[in-house]
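In what follows, a single structure is set out as structure tokens and then discussed.
Note that this is a predicted model, so its numbers are computed, not measured. Quick note on labels: first sequence line is chain A, next is B, and so on, each numbered from 1. Because only heavy atoms are used, hydrogens play no part in the values below, and waters and symmetry mates are left out as well, while side chains stay in.
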Amino acid sequence: MMNQELSQIFNSMANYLEIENSSFRSKAYRKVAEVLETLDKSVEEIEDLESIPGVGKNIAEKIEEYLKTGIIKDYENLKKKTPIKLEEIIAVEGMGVKRAKILYKELKIKNLKDLEKAAFKNKIAGLDGFGEKSQKNILEGIEFLKRSSGRLTLGKITPVVEEIIKKLSRLKEVEKISPAGSFRRKKETVGDIDILVVSKKPKEVMAFFVGMKNVVKIWGQGETKSSVRVKEGIDVDLRIVPSESYGSALQYFTGSKEHNIITRKIAISKGLKLNEYGVFRDSKKIAGETEEDVYKAIGLDWIPPELRESDLDLSKIPKVVEIKDIKGDLHCHSNWNGGSDSIEDIVKKAVKLGYEYIGISDHTKFLAIENGLDEKQLLKQKKEIEKLNKKSLIKILWGCEANILTDGSIDILDEVLAQMDYVIAGVHSALKIDKERMTARIIKAMRNPNVDIISHPSGRILGHRDEYQFDFDKILKVAKETGTVLEINSSPYRLDLKDSNIKKAIKAGVKMIINTDAHQTSQLDLMHFGISQARRGGAEKSDIINTYSLSKLLKNLK
DNA sequence: GCCGTTTTCGGCCCGACTGTTTTCAGTCG
């Protein structure tokens, strides 16, 4: 929390400093803002502030000042000196701090409202450096800002990306195509869509791209780069390069920005230059056709996109889990409760996916709204599964997704739970209880010798519901102690555990399982989202128990 | 303002597109 507050302040200070042409000081503040945003430890707990990357003597003092007094004097002075709501104004596409300063100087524009009014009254066109088009773009930018909801979830974006790629792929001028950017890195939310194309006829491809039916605004159109807004409410950037630069362009366009800066610095340190067209020694190109070549040329192994974030330790890149490693899915709902398909259908689909085992885990009785099963129904289901197992090609495991009640007890009798192949337990009610009670509640469930797996451990729904208050470090400790497995839920609206918690779990030696939480057989295909999430957390095959064979899996359950 | 496998001083990623200009600053990723 404190980290986020400070991150915002330093970012804002960076904006003010940029106005004053203190560009390197500004960069220093910007960097610290970025570091703080992803730091997994609160600055309040960090003894030596200068051990934080990018923090030196000066910024350390400012952090201390903020912790002590709640303000940073220098920041207050910057705001006083230039009383503009910079963040508000530069959020408008095409507006930066330099232009904001001009508008303040000439028209006393301090915030978004002033800006809109001035543009509407035709006062901006004609100013030094501004014309009719700038003014029009400002008005349109504000309009979009009002309507857009910021970053969209991976689940919402995926079909949009797939559709655009499908359309572009059909063009004969398109030789190769790949998504890039945060979508390729599989971030849980995506700010815009980046697509890379190889073509010898970029003009034709660009013309098609900006002319697509769902394009509502063209921000820019060039031979190698175009940018549009689509009606789904997100910007799409298309970049076109020649075949010999595909690898370096993909590397550059995939990011992250911080990863690019790091790789380019490594290139410089080896007397090379890295840009989207290749790796160069002097003016001679030595790599660029594939990403593997590019990384090799600067002395690195290829890095999976999901890992290309600012905190990656280049000295030990994990061998992350792949979808082909997955041998089964243990979180599937059948039509015995809220799901829509029969156990047989689920098994059929699992066979198709090449799984070795499949687990049926229906909701239990507390969740009346999902037709949760009671003990009697569960035992009946056991018989059904035994029957199906006799003729099944793969092993069907009998489980359930039981409810962790407010006091930490489970809504199904232990003598029934004990008979099951495995038990998932999850919090589905009383989500707003305080941190201490929620933590104790989950810990009590983990101490139940019949509970093997905790489903969607944080309870978040992306874009709708925050995670509930709980102490994840304590949960990890007890998970390790009791051998309880934590779920990585593949639903693109959950992706729970989140990447930073996966990292913590690995560090703590806690095992995880990637499940789909499918309520219909088609959702068994969502596994790839969970895989990407696990990869973002740096999980290897050995960290994920459903990469294990059936016998090894069972040994890793209580 | 920070940082160090040539450095405690002198660097700090790199290029495309737009709108405004007549060669480029500003913005973006």
Side-chain angles (χ1 to χ4, degrees), chain A residues 10 13-35 49-63 74 89-103 124-138 141 180-183 185 190-196 202 206 210 218-228 235-241 245 248-249 251-280 298-299 315:
Chain A
F10 287 142
M13 288 181 81
N15 288 335
Y16 285 113
L17 291 167
E18 214 176 310
I19 284 195
E20 303 189 339
N21 288 320
S22 276
S23 79
F24 291 120
R25 269 176 81 205
S26 165
K27 268 188 186 147
Y29 280 94
R30 187 94 58 204
K31 190 190 170 189
V32 174
E34 277 160 10
V35 169
L49 290 170
E50 287 186 47
S51 68
I52 303 170
V55 175
K57 185 165 170 290
N58 203 300
I59 290 184
E61 276 171 12
K62 290 192 168 58
I63 295 176
D74 278 2
I89 292 178
I90 64 176
V92 179
E93 177 88 15
M95 284 297 298
V97 293
K98 297 280 167 62
R99 307 184 96 196
K101 189 187 181 183
I102 295 171
L103 292 179
I124 291 177
L127 291 178
D128 232 15
F130 291 87
E132 287 290 340
K133 272 215 158 142
S134 308
Q135 182 169 275
K136 187 163 162 268
N137 279 337
I138 286 171
S182 54
F183 179 81
R185 302 200 309 280
V190 175
D192 62 8
I193 297 170
D194 302 304
I195 295 172
L196 178 68
M206 285 304 184
V210 302
I218 301 169
W219 295 116
Q221 181 182 3
E223 287 238 346
T224 69
K225 191 177 162 182
S226 292
S227 181
V228 302
D235 290 346
V236 187
D237 292 350
L238 177 64
R239 193 80 194 240
I240 303 181
V241 295
S245 294
S248 42
Q251 197 276 332
Y252 151 73
F253 214 23
T254 297
S256 64
K257 195 173 152 218
E258 294 78 16
H259 180 73
N260 286 352
I261 291 172
I262 291 164
T263 47
R264 286 173 178 195
K265 278 183 178 164
I266 291 173
I268 291 169
S269 75
K270 295 186 189 299
L272 305 168
K273 184 174 79 169
L274 168 60
N275 61 28
E276 57 262 55
Y277 298 107
V279 183
F280 299 85
I298 61 169
S315 68

Length of the line joining A:Asp235:CG and B:dC17:P, which is rounded to integer Å: 17 Å
Does A:Arg99 reach the main-chain N or O of A:Gly94 with its side chain, forming a donor-acceptor pair under 3.5 Å? yes
Heavy-atom nearest nucleotide on DNA chain B for A:Phe253 versus A:Leu17: which residue maps closer to 5'? A:Leu17
Describe the nucleic acid contact of A:Val55 in one word from base, sugar-phosphate, nothing, applying a heavy-atom distance below 4.0 Å. sugar-phosphate
Can you find a heavy atom in the side chain of A:Asp194 that is under 4.5 Å from one in the side chain of A:Phe253? yes
Between B:dC28 atom C1' and A:Ile218 atom CD1, what is the distance in whole Å? 18 Å
Looking at side-chain heavy atoms only, is the closest gap between A:Arg239 and A:Glu276 below 4.5 Å? yes
Students often get this wrong, so: under 4.0 angstrom with heavy atoms, is A:Asp237 touching a base, only sugar-phosphate, or nothing? sugar-phosphate
Report yes if the side chains of A:Lys62 and A:Val55 come closer than 4.5 Å at any heavy-atom pair, otherwise no. no
Using atom P of each nucleotide, how far apart are B:dT5 and B:dC12 to the nearest Å? 16 Å
If we ignore angles and hydrogens, is there a donor and acceptor under 3.5 Å between the side chains of A:Glu20 and A:Ser22? no
Please state the P separation for the pair B:dT7 and B:dG1 - nearest whole angstrom. 25 Å
With rounding to whole Å, what would you report as the distance between B:dC2 and B:dT8 at their C1' atoms? 12 Å
Strictly under 4.0 angstrom, non-hydrogen atoms only: write out the protein contact profile of nucleotides 22-27 of chain B, one letter per nucleotide from the 5' end, B, S or -. ----SS
Of the nucleotides B:dG15, B:dG29, B:dG1, which has the atom closest to the A:Tyr277 side chain? B:dG15
Side chains of A:Glu50 and A:Ile59, heavy atoms from C-beta outward: is any pair under 4.5 Å? no
Find the distance between CG (A:Leu127) and OG (A:Ser134) and round it off to the nearest 0.5 Å. 9.5 Å
Could you check how far CG of A:Asp192 sits from P of B:dC28, rounded to whole Å? 12 Å
Could you check how far CG of A:Leu127 sits from C1' of B:dG19, rounded to whole Å? 14 Å
Value in whole Å for how far the C1' atom of B:dC2 lies from CG of A:Leu49: 15 Å
Quick check: on DNA chain B, is the nucleotide nearest A:Gly129 upstream (toward 5') of the one nearest A:Arg25, or the reverse? Name the residue that is more 5'. A:Arg25
According to the Watson-Crick and G-U wobble definitions, with both distances under 3.5 Å, which nucleotide is paired to B:dC14? B:dG29
Could you state the atom-to-atom distance from CD of A:Glu223 to C1' of B:dT18 in whole Å? 16 Å
Just the rounded figure in Å: distance from C1' of B:dC3 to CD1 of A:Ile262. 14 Å
Starting at atom CD1 of A:Ile138, determine the distance to atom P of B:dG19, rounded to an integer number of angstrom. 12 Å
For B:dT22 versus B:dG26, give the span between their P atoms, rounded off to a whole number of Å. 14 Å
What's the gap between B:dC9 and B:dC14 when it is taken at their C1' atoms, as a whole Å value? 24 Å
Backbone of A:Asn260 reached by a side-chain donor or acceptor of A:Thr263 within 3.5 Å: yes
Could you measure between the two C1' atoms, the one in B:dG19 and the one in B:dT23, and give it in whole Å? 13 Å
Using only heavy-atom distances, determine whether the side chains of A:Asn15 and A:Arg30 contain a donor-acceptor pair under 3.5 Å. yes
Answer yes or no: does a side-chain N or O of A:Asn137 lie under 4.0 Å from OP1 or OP2 of B:dG19? yes
With P as the reference atom in both, quote the distance from B:dC3 to B:dC13 in angstrom, rounded to an integer. 14 Å
Is A:Lys31 touching bases, backbone alone, or none of the nucleic acid, heavy atoms closer than 4.0 Å? nothing
Kindly say whether A:Arg185 contributes a backbone atom to a donor-acceptor pair with the side chain of A:Ser182 at under 3.5 angstrom? no
Going 5' to 3' through nucleotides 7-14 of chain B and flagging B where a protein heavy-atom sits under 4.0 Å of the base, S where only the sugar-phosphate is that close, and - otherwise, we get -----BBB
Test your reading of the model: is there a side-chain donor-acceptor pair from A:Glu18 to the backbone of A:Ser26, 3.5 Å cut-off? no
